[in-house]
Amino acid sequence: DARVTQTPRDKVTEMGQEVTMRCQPILGHNTVFWYRQTMMQGLELLAYFRNRAPLDDSGMPKDRFSAEMPDATLATLKIQPSEPRDSAVYFCASGAQRRDGTEAFFGQGTRLTVV
Amino acid sequence: GNSVTQMEGPVTLSEEAFLTINCTYTATGYPSLFWYVQYPGEGLQLLLKATKADDKGSNKGFEATYRKETTSFHLEKGSVQVSDSAVYFCALSDHGRGSTLGRLYFGRGTQLTVWP
C-alpha cells in the first residue's frame with residue numbers, strides 16, 4: 001500500500017534551533033507539496049515541486065524556511081532559526097500531475113512545537 | 001485567480017441526518033474538484049473527485065456534483081454516521097499553464113460532528 005512517509009511525527013524544540021522535516025513521496029509521483037496547518041490560518045501552501053524543481057515557494061517565509069528535493073525519494077523542509085509562531089502541523093503530499101489535475105496523497109504530518 | 005470557499009463550521013448533526021456542506025470556487029479555467037477528509041491526528045485523505053462539468057463524484061455514501069453554471073461542488077450524504085465526524089476540505093486543481101499547473105487550492109475546512 002503506497003503512502004507518503006513523513007518523519008518525525010512529533011518534534012518539540014527550543015526557539016532558535018534548526019528543525020528539519022523529511023518526506024518520502026510515493027514512488028512515481030512527480031509533484032510534491034508542503035503545507036502548514038494551524039487553527040487560525042487553516043491549510044497554507046508553503047512550497048511545491050514538480051520533477052524536483054521548485055515551482056512556487058511564495059507561501060514560505062524565505063528568511064528562515066527552505067525546501068529542497070535532493071532526490072526523487074526525499075523532500076525536506078528546514079526552519080532555521082525556529083520560532084514559537086512556527087508551531088503547527090506540517091504536511092507533505094505527493095501526486096502525479098495529469099491533464100485532469102493533480103490528486104494529492106498526504107502524509108500523516110509532523111507536529112512541531114517550538115517552546 | 002483560483003480560490004475555494006466553503007461553509008463555515010462547525011456542523012453538528014444527529015446520526016442518520018442529511019448532510020450538506022457547501023463549496024463554491026473561482027477558477028481561471030476548468031479545474032478538477034475534490035473533497036478531502038481529515039480524521040483526528042491524521043493527514044488529509046481523498047474522499048471523492050470530479051474532473052469536468054456535470055460529473056458526480058461519490059464514495060462511502062458521499063456525493064458531490066460539479067456544477068459549472070453555479071461554480072459549486074457541494075458535498076452531500078443522505079444519512080450520516082458517528083464515524084463520519086471529521087474535517088472536510090473542498091479543493092480544486094488547476095489545469096492552467098506554467099507554475100499554477102497542478103497546484104491544489106483548499107478551502108478552510110468544515111468540522112463535522114455527528115452525535116449518536
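A quick note: this is a predicted structure, and the numbers were derived from the prediction, not measured. Values below: every heavy atom of this structure, side chains too, minus hydrogens, waters and symmetry copies. The sequence lines fix the lettering, A, B, ..., with proteins before strands; numbering per chain opens at 1.
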Got more than 12 heavy atoms from elsewhere within 6.0 Å of [atom1], [X]?
{"X": "B:E16", "atom1": "CD", "answer": "no"}
{"X": "B:E69", "atom1": "CD", "answer": "yes"}
{"X": "A:R111", "atom1": "CZ", "answer": "no"}

ILVMFWY network linking [X] to [Y], side-chain heavy atoms under 4.5 angstrom:
{"X": "A:L43", "Y": "A:Y48", "value": "yes"}
{"X": "A:Y90", "Y": "A:M15", "value": "yes"}
{"X": "B:F34", "Y": "A:I26", "value": "no"}
{"X": "A:L77", "Y": "A:V4", "value": "no"}
{"X": "B:F62", "Y": "B:L92", "value": "yes"}

(request) Determine which residues belonging to residues 106-116 of chain B lie within contact range of chain A, meaning some heavy atom pair is under 4.5 Å apart, and list them by number or answer 'none'. (result)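 Interface residues of residues 106-116 of chain B: B:F106, B:R108.
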(message) Could you measure the distance from the CG atom of A:L45 to the CZ atom of B:R103? Nearest 0.5 Å is fine.
(response)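 So the gap between those two atoms works out to 4.5 Å.
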(message) The criterion is side-chain contact (heavy atoms from CB on, under 4.5 Å); which residues satisfy it with A:K62, sequence neighbours excluded?
(response) A:D57
(message) If the condition is side-chain contact (heavy atoms from CB on, under 4.5 Å), which residues does B:S14 pass it with, not counting sequence neighbours?
(response) none
(message) Can you tell me which portion of A:R9 sits under 4.5 Å from chain B's heavy atoms? Options are side chain, backbone, both or neither.
(response)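 A:R9 touches chain B through side-chain heavy atoms alone.
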(request) Identify which part of B:L44 has an atom lying under 4.5 Å from any heavy atom of chain A, answering side chain, backbone, both or neither. (result)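 Contact with chain A involves both backbone and side-chain atoms of B:L44.
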(request) Counting only heavy atoms closer than 4.5 Å, note whether B:Q45 contacts chain A via side chain, backbone, both or neither. (result)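 B:Q45 has no heavy atom closer than 4.5 Å to chain A.
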(message) If I compare all heavy atoms of A:F91 with all of B:E42, which pair ends up nearest, and what's the gap?
(response)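 A:F91 and B:E42 have their closest heavy atoms at CZ-O, 3.8 Å.
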(message) Quick check: under 4.5 Å, non-hydrogen atoms only, which of residues 31-38 of chain A neighbour chain B?
(response) A:F33, A:Y35, A:Q37
(request) Taking B:Y36 for its side chain and A:F106 for its backbone only, find out whether a donor-acceptor pair lies under 3.5 Å. (result)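 Absent.
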(message) Please rank A:A104, A:A93, A:G109 by heavy-atom pairs under 4.5 Å with chain B and give me the top one.
(response) A:A104
